[in-house]
Amino acid sequence: VYLHSGCQIAVSPDTKYFAVDWLGVEVTRATLGIIGMGSIGYRVAQRARAFDMRILYHNRNRRRKEEEEAVGAHYCEKMEDLLQQSDFVMLVVNLTPETHKLIGKKELGLMKPTATLINISRGAVIDQDALVEALQNKVIRAAALDVTYPEPLPRDHPLLKLNNIIITPHIGTATVQAIHMMAEEAITNMLAVLNGQPIPSEVFPK
């Protein structure tokens with residue numbers, strides 16, 4: 001949100017000077033709560049450690065002690081504990097019946113008023129009506145969404161009218177290199193099936 005607003009100020013024809021009291025939120029030593037500590041969530045933790053962040057995570061299954069220690073992550077058995085302590089909450093879960101609208105009015109109300117909600121999973125993991133209300137009423141500071149429901153949002157959607165949110169068009173994996181790797185992985189899986197071999201990245205393991 002800060003970066004987006006800063007860009008607008010920098011390029012605006014009305015800008016005469018940059019205000020010295022226009023300040024953002026520090027990431028270093030802030031608390032990051034990761035909901036969903038699968039392979040992607042774990043990679044987020046690896047990157048967050050480079051910023052000396054305090055890392056909390058909530059997951060169906062606790063990671064091995066060695067994995068936790070490698071990134072300095074602390075397990076929260078209850079998601080509520082993570083929400084109450086985190087400066088940044090990142091959603092990295094699969095969309096399932098259990099995670100549909102996982103974050104609603106109650107969960108947003110548990111977050112710090114200075115917290116930012118980040119969603120890189122699927123749009124329906126958040127109750128978007130509750131998010132609109134929380135952002136309008138400053139229940140949380142801000143939100144950053146790479147995913148919404150639907151995609152794209154209707155052009156009159158209230159999320160698009162708020163100044164404390166940034167929305168990107170589901171571009172988390174949108175690099176030339178990532179698309180190539182995804183295509184290669186898909187081909188490897190198809191060849192394994194055709195050759196009667198084990199599928200390297202089976203979605204639903206038997």
Side-chain angles (χ1 to χ4, degrees), residues 1-37 40-58 71-74 76 79-92 102-121 123 125-148 152-153 157-172 174-175:
V1 177
Y2 182 72
L3 180 63
H4 179 63
S5 302
C7 179
Q8 291 179 322
I9 289 171
V11 303
S12 170
D14 301 321
T15 297
K16 302 286 192 299
Y17 60 90
F18 295 156
V20 295
D21 61 349
W22 196 70
L23 305 172
V25 179
E26 185 62 65
V27 170
T28 301
R29 289 183 292 280
T31 299
L32 170 65
I34 301 172
I35 300 177
M37 193 62 125
I40 297 174
Y42 195 76
R43 286 176 181 262
V44 169
Q46 290 174 324
R47 286 154 176 76
R49 192 182 190 196
F51 288 96
D52 198 22
M53 298 187 84
R54 176 181 178 232
I55 302 167
L56 307 177
Y57 78 97
H58 173 73
V71 294
H74 304 278
C76 290
M79 186 174 71
E80 291 80 2
D81 293 338
L82 179 149
L83 293 171
Q84 289 173 327
Q85 297 179 61
S86 299
D87 299 303
F88 299 88
V89 174
M90 182 174 284
L91 302 172
V92 202
L102 179 69
I103 302 298
K105 184 171 183 176
K106 175 190 170 189
E107 290 73 26
L108 291 161
L110 289 171
M111 292 173 64
K112 296 180 181 181
T114 54
T116 297
L117 178 65
I118 304 164
N119 190 8
I120 62 169
S121 56
V125 170
I126 297 176
D127 180 340
Q128 290 183 161
D129 293 336
L131 179 60
V132 168
E133 186 179 328
L135 291 171
Q136 287 174 336
N137 298 325
K138 304 294 190 289
V139 173
I140 63 172
R141 181 196 297 273
L145 312 177
D146 188 41
V147 288
T148 58
L153 288 171
H157 196 283
L159 277 177
L160 302 181
K161 297 174 174 62
L162 299 170
N163 62 7
N164 54 346
I165 188 170
I166 185 167
I167 303 173
T168 49
H170 206 146
I171 55 172
T175 67

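Model, not experiment: these values are computed from the prediction.
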Exercise for review: Using the salt bridge (charged side-chain N to carboxylate O under 4.0 Å, His left out) rule, collect all pairs that involve residues 14-31, keeping only residues at least two apart or in two chains.
Suggested key: none

**Study point:** Atom pair CD1/OH of Ile40 and Tyr42 - distance to nearest 0.5 Å
**Key:** 15.0 Å

**Study point:** Side-chain heavy-atom pair Leu32, Val44 within 4.5 angstrom cut-off
**Key:** yes

Exercise for review: I would like to know whether Leu145 and Ile126 meet side-chain contact (heavy atoms from CB on, under 4.5 Å); could you show each step before the answer?
Suggested key: CA-CA 10 Å; Leu145 312 177; Ile126 297 176; 4.0 Å; yes

**Study point:** Gln128: side-chain contact (heavy atoms from CB on, under 4.5 Å) partners, not counting sequence neighbours
**Key:** Thr148, Tyr149, Leu153, His157, Leu159

Practice item. Could you pull out all residues at least two apart from Asp127 that satisfy side-chain hydrogen bond (donor to acceptor under 3.5 Å, both in side chains)? Key: none

Exercise for review: Under the side-chain contact (heavy atoms from CB on, under 4.5 Å) rule, collect the residues that match up with Arg43, sequence neighbours excluded.
Suggested key: Gln46, Arg47

Review point. Ser5: what forms a side-chain hydrogen bond (donor to acceptor under 3.5 Å, both in side chains) with it, not counting sequence neighbours?
Key: none

Name the atoms and distances for all side-chain donor-acceptor pairs under 3.5 Å in residues 163-172, with sequence neighbours left out.
unit_1 : atom_1 : unit_2 : atom_2 : d
Asn164 : ND2    : Leu135 : O      : 3.0
Asn164 : ND2    : Arg141 : O      : 3.3
Thr168 : OG1    : Asp146 : OD1    : 2.7
His170 : ND1    : Glu151 : OE1    : 2.9
His170 : ND1    : Glu151 : OE2    : 3.1

Practice item. Quick one: list whatever passes side-chain hydrogen bond (donor to acceptor under 3.5 Å, both in side chains) with His74, sequence neighbours left out. Key: none

Point to revise | Which atom of Ala10 lies closest to which atom of Phe18, heavy atoms considered | key: CA-CE2, 4.2 Å

Check your understanding: Which residues satisfy the side-chain hydrogen bond (donor to acceptor under 3.5 Å, both in side chains) test with Ser121, sequence neighbours excluded?
Key -> Asn119

Review point. Between Val25 and Thr116, is any pair of side-chain heavy atoms under 4.5 Å apart?
Key: no

Check: residues 103-111 side-chain donor-acceptor pairs under 3.5 Å, at least two apart:
unit_1 : atom_1 : unit_2 : atom_2 : d
Lys105 : NZ     : Glu133 : OE2    : 3.4
Glu107 : OE1    : Gly104 : N      : 2.8

**Study point:** Gln136: partners by side-chain contact (heavy atoms from CB on, under 4.5 Å), with sequence neighbours left out
**Key:** Val132, Leu162

Review point. Rounded to the nearest 0.5 Å, how far does OH of Tyr17 lie from CD1 of Ile9?
Key: 10.5 Å

Listing, residues 80-87 side-chain donor-acceptor contacts under 3.5 Å, not counting sequence neighbours, or none:
unit_1 : atom_1 : unit_2 : atom_2 : d
Gln85  : OE1    : Arg54  : NH1    : 3.4
Gln85  : OE1    : Arg54  : NH2    : 2.8
Gln85  : NE2    : Asp81  : O      : 3.3
Ser86  : OG     : Gly33  : N      : 3.4
Ser86  : OG     : Leu82  : O      : 2.7
Asp87  : OD1    : Lys112 : NZ     : 2.9
Asp87  : OD2    : Thr31  : N      : 2.8

